[in-house]
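Report on the structure given below.
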Amino acid sequence: FNTIPLSEPISETGTAIKQDIITQFEAASALGGTALEDPIARNALRQAEADVRFKYAHKLQEAGALQMAARQHDKVLEILPNSEKAMTAAAGVFSELGDLVKAQSQLENLVKLHPLSTDARINLGGIYLRQNKLAQAVKQYDRAIELSPDDPSIFFNRAVVKTKQKKLAEALDDLNLAISLQSDFTKAKFQRGILLTKMGRTREALQDFDEVLIAKPEFGQGYKRRGI
């Protein structure tokens with residue numbers, strides 16, 4: 001769920017989007033009286049409207065105006081109901097609002113429409129995890145790994161779920177894989193240290209915590225864990 005940084009005040013952005021849409025209509029009208037009756041011209045105009053609304057929604061989201069952003073994303077989805085980008089963005093706003101049911105619904109529809117989207121499955125797995133729907137989360141991460149087997153973050157995410165399921169050995173396997181794919185994956189090493197501690201493998205856990213502290217001395221939790 002990415003956002004575009006806010007580069008101008010919301011009031012100016014609001015004026016800008018209205019003016020952009022008006023300009024697009026005026027440009028289409030200037031082509032002739034039948035321009036908007038032409039399907040190609042009409043679709044181009046609608047695409048342009050979706051683009052400016054999408055940018056506006058991201059600026060609103062970055063500024064924390066989430067309800068307003070959600071309304072803009074609704075408008076975008078009216079124009080582009082099957083857009084992966086628009087559906088992902090809308091789910092992101094719902095997630096920030098804490099409306100996990102709507103975020104889940106949006107992402108489930110996205111996965112149906114775009115079954116080969118790794119990001120959609122990662123995001124949906126995250127929403128399931130936040131709702132403690134662990135088996136469903138694992139299923140999405142399993143499929144995401146099939147689609148992107150070299151992405152260490154997916155193994156890390158699945159390890160978090162496996163840990164919650166008390167499947168510590170499987171979680172450890174995933175963390176080992178994540179670290180083998182990205183040797184400087186500090187977050188995964190820290191998580192592995194916690195997991196090894198739970199498994200009674202203190203010496204190995206200390207090694208992970210030491211490596212975390214060397215890589216990121218500011219990582220305060222490492223000092224606490226180092227005292228096991």
Side-chain angles (χ1 to χ4, degrees), residues 1-128 136 139-141 143-144 146-148 151 153-154:
F1 299 130
N2 298 318
T3 57
I4 297 172
L6 182 66
S7 59
E8 56 185 313
I10 291 300
S11 58
E12 295 180 16
T13 307
T15 301
I17 185 174
K18 293 174 185 176
Q19 187 57 50
D20 281 347
I21 294 171
I22 291 171
T23 300
Q24 293 294 335
F25 273 106
E26 289 178 343
S29 298
L31 296 175
T34 60
L36 293 179
E37 297 176 6
D38 176 26
I40 296 177
R42 188 166 58 249
N43 287 339
L45 181 59
R46 294 288 280 169
Q47 178 67 59
E49 179 184 349
D51 288 343
V52 292
R53 288 190 182 279
F54 185 82
K55 292 175 183 177
Y56 181 35
H58 274 289
K59 291 179 184 295
L60 290 167
Q61 185 176 358
E62 184 71 14
L66 300 180
Q67 294 289 356
M68 293 174 65
R71 287 195 290 272
Q72 290 302 322
H73 281 307
D74 284 342
K75 291 290 186 182
V76 173
L77 287 169
E78 288 177 10
I79 301 168
L80 304 172
N82 297 332
S83 167
E84 181 177 355
K85 182 173 73 171
M87 295 174 80
T88 299
V93 173
F94 289 134
S95 176
E96 284 196 56
L97 284 168
D99 193 339
L100 301 184
V101 174
K102 284 188 177 180
Q104 175 184 319
S105 177
Q106 195 68 251
L107 289 168
E108 286 175 341
N109 288 336
L110 177 55
V111 165
K112 289 177 183 177
L113 289 167
H114 302 277
L116 300 182
S117 171
T118 302
D119 287 343
R121 293 186 179 278
I122 292 172
N123 288 332
L124 181 55
I127 292 297
Y128 283 143
Q136 290 166 276
K139 183 178 179 180
Q140 292 305 318
Y141 290 138
R143 183 61 178 132
E146 291 175 7
L147 294 168
S148 300
D151 186 338
S153 68
I154 311 174

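Bear in mind the structure is a predicted one, so any value in this text is a computation, not a measurement. FYI, side chains are in, hydrogens and waters are out, and symmetry mates aren't considered; it's all heavy atoms of this structure.
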Drop me the distance from [X]'s [atom1] to [Y]'s [atom2], to the nearest 0.5 angstrom.
X	Y	atom1	atom2	result
Thr88	Leu110	OG1	CG	4.5 Å
Ile127	Ser105	CD1	OG	11.5 Å
Asn109	Met87	CG	CE	5.0 Å
Asp119	Leu124	CG	CG	12.5 Å
Leu60	Leu66	CG	CG	9.0 Å
Gln136	Gln104	CD	CD	6.5 Å

Trace of the side-chain contact (heavy atoms from CB on, under 4.5 Å) decision for Leu116 with Glu146 | CA-CA 10 Å; Leu116 300 182; Glu146 291 175 7; over 6 Å; no

Looking at every non-hydrogen atom in both residues, tell me the closest pair between [X] and [Y] and how far apart they are.
X	Y	answer
Ala91	Ala103	O-CB, 3.7 Å
Leu80	Ala50	CD1-CB, 3.6 Å
Ala120	Leu107	O-CD2, 4.4 Å
Ile154	Tyr141	CG2-O, 3.7 Å
Ala86	Phe54	CA-CE1, 4.0 Å

Any donor and acceptor pair, going by atom type alone, linking the side chain of [X] with main-chain N or O of [Y] inside 3.5 Å?
X	Y	value
Arg121	Pro115	yes
His58	Ala69	no
Ser148	Asp151	no
Tyr128	Gln140	no

For Asp51 and Gln47, does a side-chain donor sit closer than 3.5 Å to a side-chain acceptor?
->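 On atom types as modelled, these side chains qualify, holding a pair under 3.5 Å.
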
Carboxylate-amine/guanidinium contact Glu62 Lys59, below 4.0 Å =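 Between Lys59 and Glu62 there is no salt bridge, as every charged N stays at least 4.0 Å from the carboxylate O atoms.
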
Does a salt bridge link Arg53 with Glu49, judged by any charged N lying under 4.0 Å from a carboxylate O?
->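 Salt bridge: yes.
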
side-chain contact (heavy atoms from CB on, under 4.5 Å), paired with His73, selected from Met68, Glu78, Gln61 | Gln61

Are any non-hydrogen side-chain atoms of Asp99 and Val101 less than 4.5 angstrom apart?
-> yes

Any chance you could lay out the side-chain contact (heavy atoms from CB on, under 4.5 Å) test for Leu77 and Gln106, step after step, and finish with the verdict?
-> CA-CA 11 Å; Leu77 287 169; Gln106 195 68 251; 3.7 Å; yes

